[in-house]
Every structure is written in structure tokens, then in C-alpha cells.
Amino acid sequence: MGSTSVVTGIGVSPGRAVGPVVRLPDAVPEPPAGRRLPPGADTQAAAERVARSADAVRDELDAAARAAEGDSAALLHAAAAMAADPSLVADAQQRVRDEHLVPERAVWEAADAVSAQLEALGGYLAERVRDVVDVRDRLVAHLTGQPSPGLPVRAHPYVLVAHDLAPALTATLDPERVVAIVTAAGGPTSHTAILARSRGIPAVVAAPGVLDLAEGTLLLVDGAAGTVRVDPSEASVQRVRALAAAVRTFDGDGRTADGHRVELLANVGDPAEAPAAAASGAQGVGLFRTEFAFLDRLHAPDVDEQTEAYGRVLAAFPGRKVVVRTLDAGADKPLPFLHAAPETNPALGVRGLRVAQERPEVLEDQLTAIARAAAAHPGTTTWVMAPMVATVDETEQFVAACARHGLPTAGIMVEVPSAALLAGPLLAHAQFASIGTNDLTQYTMAADRLLGAVAALSDAWQPAVLRLVEATTRGGAAQARPVGVCGEAAADPALAVVLVGLGVTSLSMTPRALPDVAAVLAVTDLATCRVLARRAADASSAADARAVVRAGLPVLDELGL
């Protein structure tokens, strides 16, 4: 690459940063096939080494999880659970005993078998293969005395360049050390993208050729524009550093330049995140993901446990609103206690509210717990919404179930095109709608949101997606119901302008994004939002939509966004 070249990928976490390239270390090498223990070796002792290594790796990941927060902690705990997965460990031990394989080769082959099963299931479960590979590499490294795979340690901050990042690795990122991320693979809603945004680390994925860059090459990464400038000029470096030094905060009052109110809310995935979200100025919680209470468990949590956990979030927002989403299980979040039959295409299967058709008691217990938590915190306004709603019947049934539990403000997630197109009829029953742009984009564009090969399609700037957002807000306006956005699109300051222009009434995002979104809206009047929204929805591609909006918002450049 030439000294002035620009690599263009997909910007997935806004912000600009400058730093030298540091490559993620090569993967742990595969132990040679067929390597066996010497004759007469103690196979039982060798098998026990597998279990000890699994325990050590699990403890290492659990310790990292305890030091992390929110999504990061959940991902690390999930990886830790996989490291101690009895079936993986037992399979490896069996290979040591029966085939006399050395422990590291036995682990490798056992992990291959698990990966093959997940690949065969396809869809989201196939994405778990990266987790298995990460755990496999950690186990092999531990068994062979190699350093654990992970982030490089340098005396200076750097730009991390990799083919892709495993969730467990991404979860350990320290923004003080890793100033930006650039990967050759990945998509806008991959774990890398979501975790980079939650940490405020600029990130560009699906960037071709970045693996050819020499270690130490200086890069200027623009996570909003999706560009990586190689060997940038000194003037541009100084400008980025000056902008990075400016600290923005949110005053808790979302509005456009002409005073049009836009609720700016926080997404919360774990009660431990609630105090920080409240302190960020968020006007409430637009998406409280309740899956945290159910993950990595053999049995569903009882009503008392759920009530206590939900109450911790409600307690952090007195005088404000908390929108609780009921369990969004299935697909990429399989739960052992639901015992769902294997599905050929889990993304199009029994997930979200559909689980309640098969296991109504899970939803009933959850609504009981939400109602009790709401009653215990009357100063907080508690709303409830269901994920993956597709029909009027589903909406009516959910609203009726909420009413039976004394939860009058029941809403729906708009994640499938049918819900967007039927927003009017659905909102004749539901009190509000919240658009999950990650899934709405996936289902509109027929592009797996975690698959790098279709990353360019999996982009909320796609005009088709914007038109479905518009259809939803029109349905909301016809019924005088509010329509929010709680997907990742809300955290993009330029896209936030478009969403407001399309009629969205609230935006819910990672708390880190609140100051930037608030700053851009505060200097943009509603008429400009509407003009830019029209241009974006009428554009011929996602790239054109993004470009025409950015061109109409010079403030983005002024703020370094």
C-alpha cells in the first residue's frame, strides 16, 4: 500500500483515532495429527490434565469477566462455561484414554467435533464456532505451556489489526491501550462491532488488505466513515488528537436545535450497568435486556430471583422510564432449559415471543416478576415489550397477558418487515413500538447479521430499511403511539438525525454514545432532519445514503465524528 492510501471498510463504531499497527498474534498451531502418548504412559493422568487445564482456562476467563462489565462480562462468562463444557472435556478425555492421543491433540479433535455439530446446525449456532475455537486455543496453549492467546502487550497505545476477533478477546479490550480496531472480516452487528461501540473504541470491519500492513505503520481510523488512512499527514494527526481531547457530556435533555424533544435513552444488558447508565444522563432505559438472568443456566430463574434482579434496574431510574424487554431467547441465544428442537435455520425459527407459544410458563413467570418489581418501585415508569412480534394476533395476546399482570403499557419490538408494514394495526393494540434495527436489517436484506461475507448488505443505512422505519413511524402516528429505536443504529450520530427525521420519538443506545448523538441533534433543526431523512430513504444504496447525510451535516467533521 502506498504512503497516502486509504483503505475503505465498514465503519461500525464511530470516532477517530491514530496509532501504530499492532497485529493480533498468530493462532495457536495445531498439534500434529496422530501424536500419541509413549507406550506405557499413564493415560488416566494425561486425561486428568485436560480437566485441570479446562478448570484453569475457565477460572482465567471468569476472572476477566468479573473485571469486565455488561456485554463483555456476559460474553466472558459464556466462554468460561464453554471451557468447562463437560461434553467437550469428556470427549477429549475419552480420546486420550481410548486412542492414547496426547492431551492437546485430543482437545483439538474434540473441539473440531463440537464445531462440526454447530456448523451443521447453521445460522447463529454456527457463529458459536468462533467461541469454541477460542477456548480450544486457550486449552492447547495451557497444555503445551504457550502464552494464552490474547491482546498483545505494548508500552504505547495502538491500533489492533486482525482477521477477526473472538468475542472473549473483544470483551477484554482496554480503550486506553487499544485506540481503534480494524479487521479484515466481520459485519456491522458482529460481536466485535457491538463491543467496540460499548467501549467507545472506533472500529472498521471488512477492510480488505489490512493484514498486509507492516507492524508499526501509522493509521488514522475513522470509525464513522469506515476509512483507514495509512501514514496520515501530521496536520490530520494533530487534528484528530485535539478532537479526541475534547470531552462531551449529555445534560439529560434530548432535543433538536429548534427544541423538538427526542428522548435519549440507554440500553442496559445487566443490572450492574444500570447505575453508570443513569449517571450518563440517560433519560431512562429504552431497552433492558432480561436474557442476563437466563443465560448459562440449566433451569429458569424463579420469580423471586427475577423480581430482585429487575428491581435493581428500576431502582436506578426513579422518576424516569425503563422499558423491559421480555426474554429474547432462541437463535443466537439458545437456552438449555427450553429444550428447543434443533432448527435448520434458527434465525427464522422459534425465537423471541414465539418461545412463549411452546413454554407459556416462562413468559408468565417473567411478567409476574416484572409486575412485582414495578410495584416495589412506583417512582419508576415501567413499560414492557415483546421481541420478534410478527402478527396482530401475537400483539393482542401479549398486550392481554401484560394487562392480566397489571402492566398497562405493553409494546412490541419491530424486528421483522411484517411488523413494520402492519405497524398501524399492531399499534391499535400495543401502546408503543421499538425498532430493533439489527434484526430488521437482517430480515429485510436477507443477510445474516454476523456473516462477514454479506456485511455490506447488513447495514441500517440501506434505503429499504429506512423505508420500513418510516412505515413504522407512520403507523405509530396514525394511532398516536410513540415509536423508538433501540438497535445499534441509534448510536450513530448521523443516522440518529435521519431516524428523527423519519418520525422516531426516542433513541436508545449504549450510554457512551449519548453525548455525541445529543451534540449533533442539538445543532440540527427538525426541518433539516426531515430533508436529510428523505434524501437517505430515496438514495440508491447504503453508501449513497450515508454520504448524502454526512455531506449535509458539517458538524460531524467539526466534532470529529
Side-chain angles (χ1 to χ4, degrees), residues 73-74 77-78 81 267-274 285-317 321-341 343 346 349-378 380-391 393-413 415 429-432 434 436 486:
H77 278 308
N267 291 344
V268 170
D270 185 301
E273 298 172 25
V285 174
L287 169 62
F288 173 25
R289 304 179 180 97
T290 55
E291 291 76 58
F292 76 91
F294 295 81
L295 293 173
D296 305 319
R297 299 176 64 119
L298 296 177
H299 306 282
D302 63 26
V303 171
D304 289 343
E305 184 183 341
Q306 290 186 55
T307 302
E308 188 275 331
Y310 304 155
R312 284 163 58 199
V313 175
L314 299 183
F317 287 89
K321 174 176 79 179
V322 173
V323 182
V324 185
R325 181 178 71 186
T326 58
L327 181 63
D328 189 13
D332 59 332
K333 290 176 283 227
L335 299 177
F337 61 82
L338 291 177
H339 299 303
E343 296 172 340
V350 180
R351 54 174 302 200
L353 184 61
R354 298 168 184 181
V355 172
Q357 299 295 323
E358 297 187 353
R359 296 291 302 276
E361 76 282 0
V362 173
L363 178 63
E364 284 296 307
D365 281 357
Q366 192 167 27
L367 293 178
T368 300
I370 294 168
R372 286 185 187 173
H377 297 89
T380 303
T381 302
T382 304
W383 293 10
V384 189
M385 64 181 178
M388 286 296 289
V389 170
T391 68
D393 282 350
E394 288 172 345
T395 305
E396 282 191 274
Q397 289 164 17
F398 179 72
V399 171
C402 289
R404 286 198 303 275
H405 287 83
L407 295 164
T409 312
I412 55 166
M413 291 279 290
E415 298 169 282
H429 302 281
Q431 298 295 308
F432 68 96
S434 186
C486 63

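Computed over heavy atoms, backbone and side chain alike; hydrogens, waters and symmetry mates excluded. When a residue number appears, it is its place in the shown sequence, counting from 1.
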Do you know the tightest heavy-atom contact between Ala375 and Pro378?
O-CD, 3.5 Å
Treating Thr290 as the side-chain partner and Arg325 as the backbone partner, does any N or O pair qualify as donor plus acceptor under 3.5 Å?
yes
Taking every heavy atom of Pro271 against every heavy atom of Ala309, the minimum-distance pair comes out as CG-O, 3.6 Å
Is there a side chain to side chain contact (heavy atoms under 4.5 Å, CB included) between Phe398 and His429 once you walk through the steps?
CA-CA 10 Å; Phe398 179 72; His429 302 281; over 6 Å; no
I need the Arg354 CZ to Met388 CE distance, nearest 0.5 Å.
4.0 Å
Ignoring hydrogens, what is the shortest heavy-atom contact between Arg312 and Ala272? Give both atom names and the distance.
NH2-N, 4.1 Å
When you measure from the side chain of Thr395 to the backbone of Ala430, do you find a donor-acceptor pair of N or O atoms at a distance under 3.5 Å?
no
4.5 Å side-chain heavy-atom contact, Thr368 and His405:
yes
Which heavy atom of Met385 sits nearest a heavy atom of Gly286, and at what distance?
CE-O, 3.7 Å
If you look at every heavy atom in Asp328 and Gly352, which pair is closest and at what distance?
OD1-CA, 3.5 Å
First locate atom CG of Asn267, then atom CZ of Phe288, and finally report the distance between them rounded to the nearest 0.5 Å.
12.0 Å
Val355 side chain near Val362 side chain, heavy-atom distance below 4.5 Å:
no
To the nearest 0.5 Å, tell me how far Leu314 CG sits from Thr382 OG1.
4.5 Å
Rounded to the nearest 0.5 Å, how far does CZ of Phe292 lie from CD of Glu273?
10.0 Å
If every non-hydrogen atom of Ala401 is compared with every non-hydrogen atom of Glu364, which pair is closest and at what distance?
CB-OE2, 4.4 Å
For Ala274, all residues meeting side chain to side chain contact (heavy atoms under 4.5 Å, CB included), sequence neighbours excluded
Val313, Ala316, Phe317
Set of side chain to side chain contact (heavy atoms under 4.5 Å, CB included) partners for Gln431, sequence neighbours left out:
Thr409, Arg481
Working to the nearest 0.5 angstrom, can you tell me the gap between Glu305 CD and Asp365 CG?
12.0 Å
For a side chain to side chain contact (heavy atoms under 4.5 Å, CB included) check, start with the C-alpha distance between Met413 and Val389, then their side-chain angles and the critical distance, and finish with the verdict.
CA-CA 6 Å; Met413 291 279 290; Val389 170; 5.8 Å; no
Short side-chain to backbone donor-acceptor contact, Glu394 and Leu353, under 3.5 Å
no
What's the spacing between Lys321 NZ and Trp383 CH2 if we round to 0.5 Å?
3.5 Å
Side chains of Leu363 and Leu327: closer than 4.5 Å at any heavy-atom pair?
no
